[in-house]
Amino acid sequence: MSYKRLTPCIFIDGGKAVTWFDNRTVVAADVVALAKYYSEMGADELIIFDLSNSDEEHDEAIDLMKKIHRVISIPMIAGGNIRRQEDVKKILYAGAKRAMLNFSKPVSLELIEDVAKRFGKERIAVSLNDFDALFKQQHLIEEYSTEIVFMHRLDLNSVMNITEIPCVVVTDTMEQSEILKILKCDGVKGVSGMFISQREMDFNAFKGICAKEGIKMTSFESLMDFSEFKLNSDGLLPVVVQDFKTNEVLMMAYMDEEAFENTVKTGRMTYYSRSRKSQWVKGETSGHFQYVRTLTIDCDKDTLLAKVEQIGAACHTGNRTCFYQPIVGNDYDAKNPLQIFENVYQTIMDRKEHPKEGSYTNYLFEKGLDKILKKVGEEATEIVIAAKNPNPEEIKYEISDFLYHVMVLMAEKNVTWEDITKELAER
């Protein structure tokens with residue numbers, strides 16, 4: 001395993017972040033803000049432990065996981081209080097990359113096969129408190145999971161002789177030398193615990209320390225040196241920025257060598273301002289950061305394409321994209337499915353906010369949720385009936401009708417297409 005991760009952990013108890021190693025002292029009242037801080041300071045992934053003792057607290061923890069997932073740009077692993085398949089489903093649907101089963105609890109041993117077959121073993125991790133559990137349950141762990149989270153300092157070299165599954169070590173040590181020692185172990189993919197989860201932790205700075213120790217961290221690594229790029233007359237590299245999910249062009253900017261290196265190092269888009277003659281990190285004042293997904297150079301090596309996760313608006317005007325002013329032609333005939341859904345949805349929202357006499361959409365809103373739900377149910381039934389008809393035109397008509405009424409329901413409940421597509425992309 002070449003690249004290693006710095007993985008802070010958050011233990012949730014009563015809606016707050018607490019320490020696990022010393023009697024659950026509260027470290028942060030705002031769990032979401034803490035997670036966002038870790039993400040923005042250069043952490044590579046995040047582990048969430050739910051320490052709740054009741055179904056009500058468990059649901060509150062799941063809700064916090066959803067909120068955390070919306071504000072971080074790093075993977076999340078989560079576990080705790082898992083007693084049935086439905087709990088695993090809730091955690092995964094909250095945005096976790098993996099659900100973590102606690103193997104000190106017998107119910108986890110009973111669940112792991114079923115949840116691995118239902119959700120995929122790549123979505124399952126296990127947490128272990130001791131060496132014996134790994135030895136006794138090695139077959140289950142290797143058959144139905146793809147990650148181990150060790151909650152104890154163990155003889156890691158011995159552990160690696162038993163399993164090749166990558167592991168994250170959660171440790172209470174505050175010794176930097178011990179952290180470096182753990183990271184140097186072949187089978188360790190990451191380290192977590194008290195040292196890594198410090199509020200003042202500068203992850204990028206610590207990665208520099210790791211690099212000096214010969215430890216390869218998971219920060220981006222450019223396959224080309226900046227000197228290989230062809231720069232413009234100002235000595236700068238033009239950068240076209242796209243949304244990594246929709247391919248929407250968001251903006252165009254420039255980089256010098258320092259901005260490029262900072263982008264690669266931190267994973268956040270950094271540019272060179274020609275007017276201010278200085279570097280600027282996109283979003284450092286607005287909070288509208290751009291997190292790197294891929295950087296690609298064109299065939300002439302003179303223009304960089306950055307695919308990013310855009311937080312908020314890309315344009316300083318508040319528009320999603322800087323390219324919002326058409327000057328020639330139009331795209332009214334575009335057949336992009338998401339764009340069509342967005343246009344219909346925006347029309348429905350406009351009817352909701354600005355009622356129009358005689359509008360069927362306004363009739364539905366006036367009648368309320370029960371009427372909307374009744375129509376959704378009726379249209380779903382019409383799809384079933386139409387599907388039995390050999391004429392494909394009928395089912396196309398009924399599906400369109402159904403989708404319209406679903407969008408009215410979405411508008412009534414303030415759910416957007418962005419919410420839906422994001423949810424689908426993460427499953």
Side-chain angles (χ1 to χ4, degrees), residues 3 5 35-36 38-46 66-77 92-98 122-123 204 217-224 229 237-255 259-271 280-284 286-299 301 303-316 318-324 331 334-342 345 416-427:
Y3 289 92
R5 294 174 176 266
K36 186 172 185 286
Y38 287 144
S39 178
E40 293 178 350
M41 290 303 292
D44 299 308
E45 62 184 3
L46 182 65
K66 291 178 182 176
K67 292 177 181 177
I68 287 170
H69 179 62
R70 294 189 189 112
V71 301
I72 64 175
S73 61
I74 53 179
M76 178 175 69
I77 303 163
L92 294 176
Y93 281 17
K97 179 181 180 181
R98 292 187 181 90
E122 70 280 358
R123 308 296 301 276
N204 289 318
M217 304 307 293
T218 195
S219 299
F220 291 104
E221 184 176 14
S222 177
L223 299 178
M224 295 181 68
F229 303 143
L237 181 67
V239 185
V240 177
V241 186
Q242 271 186 307
D243 184 290
F244 85 105
K245 287 184 179 177
T246 66
N247 286 330
E248 180 181 25
V249 178
L250 299 174
M251 58 180 281
M252 190 266 187
Y254 296 87
M255 285 182 181
F260 176 78
E261 296 296 341
N262 196 60
T263 296
V264 173
K265 177 183 176 183
T266 66
R268 287 187 290 183
M269 294 301 294
T270 305
Y271 304 105
W280 59 286
V281 178
K282 175 66 176 174
E284 63 184 347
S286 66
H288 296 166
F289 292 100
Q290 291 174 343
Y291 294 99
V292 179
R293 287 294 177 262
T294 63
L295 299 177
T296 307
I297 198 69
D298 77 329
C299 56
K301 298 182 183 178
T303 304
L304 194 68
L305 175 64
K307 293 197 174 185
V308 305
E309 178 182 355
Q310 174 69 55
I311 306 300
C315 184
H316 72 282
N319 285 283
R320 171 71 179 172
T321 170
C322 293
F323 298 94
Y324 62 91
D331 59 0
K335 295 298 189 294
N336 182 302
L338 182 56
Q339 189 61 54
I340 293 170
F341 287 152
E342 284 284 5
Y345 180 82
T416 67
W417 275 116
E418 185 176 0
D419 295 329
I420 300 299
T421 53
K422 186 174 183 180
E423 178 71 22
L424 288 171
E426 288 155 0
R427 292 193 178 184

Lys97: which residues meet the side chain to side chain donor-acceptor pair (under 3.5 Å) condition with it, sequence neighbours left out? none
Heavy-atom count around Glu342 CD within 6.0 Å, excluding the residue itself: above 12? yes
For Leu295, which residues count as a side chain to side chain contact (heavy atoms under 4.5 Å, CB included) partner, sequence neighbours excluded? Phe260, Thr263, Val264, Met269, Val292, Leu304, Ala306
Taking only residues two or more places apart in sequence, or in another chain, which ones meet Lys67 in a side chain to side chain donor-acceptor pair (under 3.5 Å)? Asp63
Of all heavy-atom pairs between Ala43 and Ile74, which one has the smallest distance, and what is that distance? O-CG2, 3.2 Å
Nearest heavy-atom approach of Ala35 to Leu46 is CB-CD2, 3.7 Å
To the nearest 0.5 Å, what is the distance between OH (Tyr3) and CG (Asp44)? 12.5 Å
Taking only residues two or more places apart in sequence or in another chain, which ones pass ring pair (Phe, Tyr, Trp, His ring centres under 6.0 Å) with Tyr271? Trp280
When you measure from the side chain of His288 to the backbone N and O of Ala313, does any donor-acceptor pair fall under 3.5 Å? yes
Spell out, as yes or no, whether a donor-acceptor pair under 3.5 Å connects the side chain of Arg268 to the backbone of Glu40. yes
Could you list the residues that satisfy ring pair (Phe, Tyr, Trp, His ring centres under 6.0 Å) with Phe244, not counting sequence neighbours? none
Does a salt bridge link Lys265 with Glu261, judged by any charged N lying under 4.0 Å from a carboxylate O? no
Quick one: ring pair (Phe, Tyr, Trp, His ring centres under 6.0 Å) partners of Phe289, sequence neighbours excluded? none
Would you say Lys307 and Asn247 make side-chain contact, with heavy atoms under 4.5 Å? yes
Run the salt bridge (charged side-chain N to carboxylate O under 4.0 Å, His left out) test against Arg320 and tell me which residues pass, sequence neighbours left out. Asp243, Glu248
On a heavy-atom basis, the closest approach of Asn262 and Val281 is ND2-CG2, 4.2 Å
Can you name the side chain to side chain contact (heavy atoms under 4.5 Å, CB included) partners of Ala314, sequence neighbours left out? Leu250, Gln290, Gln310
Taking Thr303 for the side chain and Pro238 for the main chain, is one N or O donor matched with an acceptor at less than 3.5 Å? no
Working to the nearest 0.5 angstrom, can you tell me the gap between Phe341 CZ and Trp417 CH2? 5.0 Å
The criterion is salt bridge (charged side-chain N to carboxylate O under 4.0 Å, His left out); which residues satisfy it with Glu309, sequence neighbours excluded? Arg293
Taking side chain to side chain donor-acceptor pair (under 3.5 Å) as the test, write out the residues that go with Gln242, two or more places apart. none
Can you sort out the partners of Thr416 under side chain to side chain donor-acceptor pair (under 3.5 Å), two or more places apart, ordered by chain and number? Asp419
Closest approach of Ser73 and Ser39, non-hydrogen atoms and distance? N-OG, 3.1 Å
Can you sort out the partners of His316 under side chain to side chain contact (heavy atoms under 4.5 Å, CB included), two or more places apart, ordered by chain and number? none
Please report the shortest heavy-atom distance between Met76 and Ile72, naming the atom on each side. CB-CD1, 4.2 Å
